[in-house]
Amino acid sequence: MNADAKFTRTLVTSALPYANGHIHLGHIAGAYLPADIYVRYLRLKGKPVLYIGGSDEHGVPVTLTALKEGSSPKDVVDRYHEANAEAFADLGISYDLYGRTIWDLHADTTQRFFRALDAGGHIERQEMVLWYSEQSDMYLPDRYVKGTCPRCGYEDANGDECENCGAQYAAEELIEPRANIPGDTSRPILKPSAHWFLKLRDFKDDLKAWLDSHPDWRANVRGIAYGWVDDLRDRCITRDTDWGIPVPVDDPEAQNKRIYVWFDAPIGYVTNTRQWGVEAKDDAAAWETWWKDPSTRLVHFIGKDNIPFHAVIFPAMLMGQGDFIVADNVVGNEYLNILNRMTGKAEKGSKSKGNMISVRDFLTRFSRDALRYYLCAIMPESRDAAFSWDEFLNRYNGELCDVVGNFVHRSLTMTVKNFDGVVPEPGPFDAEDQALLDSLPEQLDGIAQAFDQFRFRLAVERFIEMGRRANQYFDTKQPWVTRKTDRERTATTLYVCCQVVRVLCAAMAPFVPDGAAKLAETLGIEVFVGGPDGGPDSWDAAKTPLPAGTPLQPPVVLFPKLDKDYVAEIAERHARGEAL
RNA sequence: GCCGGUGUAGCUCAGUAGGUUAGAGCAGUGGAAUCAUAAUCCACGUGUCCGCGGUUCGAAUCCGUGCACCGGCACCA
């Protein structure tokens, strides 16, 4: 909680999305938006913070996609890397670097990790029996084998689990196996193969001690992590494929194998930090401060499917390096589902159901502030949440536009019209003026505290509450009435409102950066900077009142309201399964 | 099957050192106001706090158990 004492900088990562498909709203709400909000908050506070992300581009599914569409794995990952990087940029996810795991630098980092673990005796060669296609002359990784489910008889079951009945089984239990390769009609056979395993058990005590030292983590993360740590097994970290990073061992059996994508993916955080150092600092060693200095605070943002990797496996890999830090927090979110309007029930977003909402498409219709606001307001922090078009409309219009946006607008419009476009000179403050002014630092601190605890929904709630209190004050003071009778009273009221607006501007910046930027311009406030080297504390600076006489630009609408009919129309089209 | 998480008003949720009549927003009803993005403000809640059992002077809050939903369970990312 009190990170300040122990840490001088923060390294934030968001799960590397798999470059085998487009990112959708579920990904955003779980791993990217919360991280971005947190990072923007720290930057605003002037804290040194580095935000690293990138594409995860290896692995068998990519080769399968390529096989099916008749292209190459490189084509596939190039396409999705570009599309996803663009979607993140459009959403305002403010990475310091968004990298790629196909970079040569990444092979280097990954092999270094592998070698260090190997040298420490944490990697072990084992023989195992796998499906092999004689026609294609290759071992068949799980996804490459289809067959009949031994439990329910479903004929299109995967190599290790059945989509139909959910059963999981050993590969050799599969009935009527066949290669999932176009043109391969041979029947796979079982054949021995050597693979390399990470001895997770070596790290059991360290992992446990580490988890024990972080009782403040989210319950879902702790629960799953302890479940794994209490029963650690060796984990295979190689695959029979040619799409990935070569296994750095001197063994002919390793020639046709590559490092398992899940081993190299989290190492991408390290690689991309290295690349950032080279690009931004022209310093090939800059990354080490961020990964080896114990005064660096490492925070991972992920969806719950990623918890075992970030709370157990990757930390073990880091521990095995000897001189790396491990995460101070693993912020794991639940899932964001999609509300089905017809049934009124939340369902998983899936391609086959045709209910996915792509980020790119969404942003062609609605502002990113609107999306960021809504997703943050319903963020699946402790249980699954569901995206609903009706709720999207109601919460964005009813809270951000009507409560906060409108307060800002009514305050500034009246000030500019009646006081020559400057913050008015106030008269004596009465009890209500003083109470509201005094509450501002507390209210801002309340939001900061919520961010510090990764409680983003609470932060949104407190932010809107600030707007509600301000509106109450405005209505109580009735400046539109006093304007005709008591200029000093009106000046005082609007002076106070300007101070609220100024605080709101800082408070909204992490959530809705575009609205905040517009408002900052209206108020003539510095645009917030900050980053890996830190900067001025613009957050606390918001607690200092804008002086009377500060010139104001004519206000613009920060958050335009959404048209109800238009949203309804989009919702209808979505419900009909039209591509969105 | 084993393990973890969640289950509070019509809807979305807050609420653990256990303690006065369990809260907020939305929706609904009535009213006020008209500066403002037809935006705001005020008033109005008879809820089995998932069920059952237990600990306690007292439990939404602790323990046990059952149910529902979501997820993890060793090579699926």
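All of these numbers come straight from a predicted model, not from anything done at the bench.
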Euclidean distance, atom [atom1] of residue [X] to atom [atom2] of [N] [Å, nearest integer]:
| X | N | atom1 | atom2 | result |
| --- | --- | --- | --- | --- |
| A:Arg222 | B:G4 | CZ | C1' | 12 Å |
| A:Leu458 | B:A24 | CG | C1' | 12 Å |
| A:Arg462 | B:G25 | CZ | P | 16 Å |
| A:Ile378 | B:C11 | CD1 | C1' | 14 Å |
| A:Tyr226 | B:C2 | OH | P | 23 Å |
| A:Phe456 | B:A14 | CZ | P | 15 Å |
| A:Leu336 | B:U12 | CG | C1' | 14 Å |

Complementary nucleotide of [N], counting Watson-Crick and G-U pairs under 3.5 Å:
| N | value |
| --- | --- |
| B:A60 | none |
| B:U65 | B:G51 |
| B:C2 | B:G72 |
| B:U29 | B:A43 |

(Q) If I pick the C1' atom on B:A60 and the same atom on B:G1, what distance separates them, to the nearest angstrom? (A) 31 Å

(Q) If I pick the C1' atom on B:G25 and the same atom on B:C57, what distance separates them, to the nearest angstrom? (A) 36 Å

Considering only [options], which nucleotide approaches the side chain of [X] most closely?
| X | options | value |
| --- | --- | --- |
| A:Asp56 | B:U40, B:G15, B:A77 | B:A77 |
| A:Asp475 | B:C41, B:G72, B:A36 | B:C41 |
| A:Arg383 | B:A39, B:G72, B:A14 | B:A14 |
| A:Asn471 | B:U37, B:U40, B:C73 | B:U40 |
| A:Ser382 | B:A14, B:U40, B:G25 | B:A14 |
| A:Glu399 | B:C35, B:A77, B:G25 | B:G25 |
| A:Asp384 | B:C70, B:G7, B:U37 | B:C70 |
| A:Trp480 | B:C13, B:A36, B:C35 | B:C35 |
| A:Arg410 | B:C35, B:G25, B:A77 | B:C35 |
| A:Arg455 | B:A36, B:G15, B:U6 | B:G15 |

Q.
Would you say A:Gln472 places a side-chain N or O within less than 4.0 Å of OP1 or OP2 belonging to B:C42?
A. yes

Q. Mapping A:Thr413 and A:Gly467 onto RNA chain B by nearest heavy atom, which one lands closer to the 5' end?
A. A:Thr413

Q) On RNA chain B, nearest-nucleotide positions of A:Ala385 versus A:Tyr335: which is more 5'? A) A:Ala385

(Q) Need one value for A:Lys304: base, sugar-phosphate or nothing, where a base atom within 4.0 Å counts as base even if backbone is also close, heavy atoms only. (A) sugar-phosphate

Q | Any side-chain donor near an acceptor of the partner, A:Thr490 and A:Lys477, under 3.5 Å | A | no

**Q.** Salt-bridge criterion met for A:Asp384 and A:Lys304 (N-O under 4.0 Å)
**A.** yes

(Q) Is the terminal nitrogen or CZ of A:Arg410 (NZ for Lys, CZ for Arg) located under 6.0 angstrom from the six-membered ring centre of A:Phe474 and within 45° of that ring's axis? (A) yes

